[in-house]
Each structure stands twice: as structure tokens, then as C-alpha cells.
Protein chains: 2
Amino acid sequence: MKKTSFALAGLVALGASFSALADQFEDAIQYRKAAFSLFKANLGPMGAMAEGKMPFDKAAFAARAANLEALAKMPWEHFIEGSDMGDTKSKPEVWSKAKDYKVEVDKFEAAATKLAAVAKGGDEKAMKAAFGATAKTCKSCHDGFKNK
Amino acid sequence: MKKTSFALAGLVALGASFSALADQFEDAIQYRKAAFSLFKANLGPMGAMAEGKMPFDKAAFAARAANLEALAKMPWEHFIEGSDMGDTKSKPEVWSKAKDYKVEVDKFEAAATKLAAVAKGGDEKAMKAAFGATAKTCKSCHDGFKNK
């Protein structure tokens, strides 16, 4: 009887720690998706300005570039081991080719930093070029590490 | 017959613009939730450090405070008119008492800016106090403007 109780208690504890882990993975996925969502909230209007679908507003563009620079470092801490399952579009390569993933991430961060610096300068042509270069790093990373 | 076609075309166009509006409201809600979610991703560990549930790491705390300062200005542009319905916990007062809401938002932004500045200084006691002051502004705003 006592043995059974211990076994049960053990199972309950195991269940609780699985559940805590599951919560942790769910949070991680939610947080990195939140960061990518805010990338889009800022890249969208910059793209529309760059493509002439929206009037080019240098100050607004620069504010969005500054937002993106700050956001650019936020998703990565949430790609924790074990958070490759569930409601995520991450490919397994994020973890199995972690070094290659890091290279892509670094390229994006560098491009976003440059975009924000260029945007401060206020040269419209340079801003559009830096935006294009940043968008390219998004695509390059998605090709290898994100499911459609 | 022609009249009917025009009327139908009109209805289709109306349907399309309703759908575009619905998308816009859904995006707005998603973007502001994303920002709040990243508030939590940074406030959580700062809180755990402030309460001694996690070792106090000054550099990590300061990095999170800097993240929060950058994030602090991101949700508000997404509280657009008409985005008060759907998957949102915003109370109608966000729009009906917009000036009062702005006062709360400004208090939070000021507190987050101060927290980031204090965190750069590296005085643990002051960091904890500035964190507490920031958390208070969250609660104060939620009381009036966020559903449970």
C-alpha cells in the first residue's frame, strides 16, 4: 500500500514537472512568435514606404527601424531545447544546425543595426537599400529554418 | 439585370472592404498582444530576480530593462478605432476614456525609461525599487483598462 502511494506520488510529481516543462515550451514559442510578429508590424510599413505604396515619411521610417533594431535581439533566447514541437513553424534545423542558424541570425541583427543607423541619416535611397538588404536576411534565414 | 449586377458588384466590394477592415483589426490586436507578451518575457525574469526567486544578475537585469524600455512604446499605435471587439481583453474605456488611458500609458513609459536608466547604474536596491514602481504602473492601468 505504502509502495503504491509512493509510486503514485512519484507519478503525480512527474506529471507536474512534465506539465511545467510543457508550459515553459509553450511560453518560449509564444514569446518568439511575439517578437517575429512585431518584426512584421514594423517591417510592413517600412516595406510599403520603400515600395511607394505609402508616402515615404523619413521620421516614421527611422522610428520603425529603431524599433526593429531593438526587437532584433529578442526572439533567439526563446529557441530553447525542447521547444521544437507544438505550434511552431521552426524547422528542426534550428537546433540540429545551431551554428548555421546563428550565422543567419547574426546577419539579420547586423542588417537591422545598419538599417537603423542609415535611417538616422535620412538619405531615402540609402534607407531603401538598407531595408532591402535586411529583408534579404529574413528570406535567407526562413529558407533554411522556417516551415511555410 | 444590369441593375442587379451593379448591386451585386457593390455588395462584393463592400464584403471585400469589410474583410480588409476585419484583417486590420485582427492584426492590430495581434500586434499589441505581441508587445504585451514581450513585456512579460522581460518583466518575468526581472520580477523573479527582484523577489530572490532567481539569482540577481545585474547585467541580465539591465538588458531586460533596456528591452522593456524599447518595447514600452510599441503597443499603443495598435489600439486603433474599431479594434475593441474580438480576441482582446481591452475594456471599452481604452477608447471612451482615451485621455485617461494616455495618462496611464505615459506613466508606464516614464517608469520603464527610469528603470532602464537606474539599471545601467547597477545599484541593486535602486533597481528593485524602480522595478516595483514600474510594476505598479502596469497594475494601475490594468485595473481601469484591461479585463481579467
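We name chains A, B, ... by the order of the sequence lines, and we start the count at 1 in each one. Heavy atoms only: backbone and side chains are in, while hydrogens, waters and symmetry mates are out.
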So which part of [X] gets closer than 4.5 Å to some heavy atom of chain B, the side chain, the backbone, both or neither?
| X | result |
| --- | --- |
| A/R32 | neither |
| A/E69 | neither |
| A/K40 | both |

- Check whether any side-chain heavy atom of B/L71 sits under 4.5 Å from a side-chain heavy atom of A/L38, and report yes or no. yes
Determine whether [X] and [Y] fall in the same hydrophobic cluster, where Ile, Leu, Val, Met, Phe, Trp and Tyr are linked whenever their side-chain heavy atoms lie under 4.5 Å apart.
| X | Y | result |
| --- | --- | --- |
| B/F39 | B/M49 | yes |
| B/F25 | B/Y31 | no |
| B/F36 | B/W95 | yes |

- Task: Verify the neighbour count for atom CG of B/D87: are there more than 12 heavy atoms of other residues, nucleotides or ligands below 6.0 Å?
- Result: no
